[in-house]
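Everything below concerns the one structure shown next.
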Amino acid sequence: MACWLLKTESTSFSIDDLRRSPKATTCWDGVRNYQARNFMRQMKRGERVLFYHSGGDLPAVAGTAVVVRAAYPDSTAWDSNSDHPDPRSTPDAPVWDMVDIRLDAVFAEPITLTKLRKVSGLSNMELLRKGSRLSVQPVRDEEFAMMLKLADGQANDRPTARAKSKPTKKKVAAPASRGAKPSARPKKPAGRKSRRV
DNA sequence: GCCAACGTTGGC
DNA sequence: GCCAACGTTGGC
């Protein structure tokens with residue numbers, strides 16, 4: 001089973017937003033890059049995901065998630081009111097895809113980019129490559145394992161999942177009041193809200 | 001805010 | 001098909 005990394009601007013859609021989503025699940029819409037899309041098409045249900053916060057004050061891996069639905073057409077592409085419409089994509093001939101992910105664990109301490117660069121075993125990570133901008137990228141098994149180890153060392157808020165094949169039913173914090181339907185926005189500026197985790 | 005690295009666009 | 005111009009990403 002492959003592992004992945006999904007990038008999101010924390011000001012746009014953070015791991016907290018995912019935690020507060022219904023069933024701690026969201027669709028990952030808005031990917032508008034062919035290479036990223038092609039990786040997304042390889043994502044299978046049950047595969048694990050590193051949830052990465054880019055931009056903002058603290059670039060870091062914030063936690064993990066699990067793919068709960070493989071790639072299917074991203075309907076926001078033909079919704080002119082969405083944040084990332086693309087007229088080339090239509091219901092009959094979709095161009096862009098999305099997947100659904102569910103929160104697995106929120107790291108007690110996000111693993112910062114700075115820290116990652118110091119871990120020798122991770123030097124080949126796509127994320128650490130200079131100029132890397134891919135918002136969906138593959139992660140090696142060893143890299144994923146190393147990440148969990150780092151998170152453990154920092155006192156995770158839940159024991160790391162053992163098995164790889166069955167994402168266990170996770171217990172996440174209580175759903176928040178907001179009944180908003182958050183649409184995952186891997187990219188895009190959106191509002192200018194500053195934030196602090 | 002700066003700027004390097006990248007992807008996309010479009011003229012030729 | 002080449003490549004310059006442009007827009008975007010994202011760390012710093």
In terms of side-chain geometry, is the basic nitrogen of Arg19(A) or Asp16(A) positioned less than 4.0 Å from the acidic oxygen of its partner?
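Answer for the salt bridge query: yes.
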Salt bridge check: are Arg48(A) and Asp104(A) linked by an N-O gap of less than 4.0 Å?
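The answer is yes: the pair qualifies as a salt bridge.
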Do we see a donor-acceptor contact under 3.5 Å between the side chains of Arg32(A) and Ser89(A)?
no
Which protein N or O atoms sit under 3.5 Å from an N or O of nucleotides 7-10 of chain B?
{"unit_1": "dG7(B)", "atom_1": "O4'", "unit_2": "Arg133(A)", "atom_2": "NH2", "d": "3.3"}

Atom [atom1] of [X] and atom [atom2] of [N]: how far apart are they, to the nearest Å?
X         : N       : atom1 : atom2 : result
Lys130(A) : dC12(C) : NZ    : C1'   : 11 Å
Glu9(A)   : dC12(C) : CD    : C1'   : 15 Å
Lys7(A)   : dA5(B)  : NZ    : P     : 15 Å

Looking only at heavy atoms, which two atoms of Val31(A) and Trp96(A) are closest? And how far apart?
O-CE3, 3.5 Å
Specify whether Trp4(A) and Phe39(A) have parallel, tilted or perpendicular ring planes, treating 30° as the upper limit for parallel and 60° as the lower limit for perpendicular.
tilted
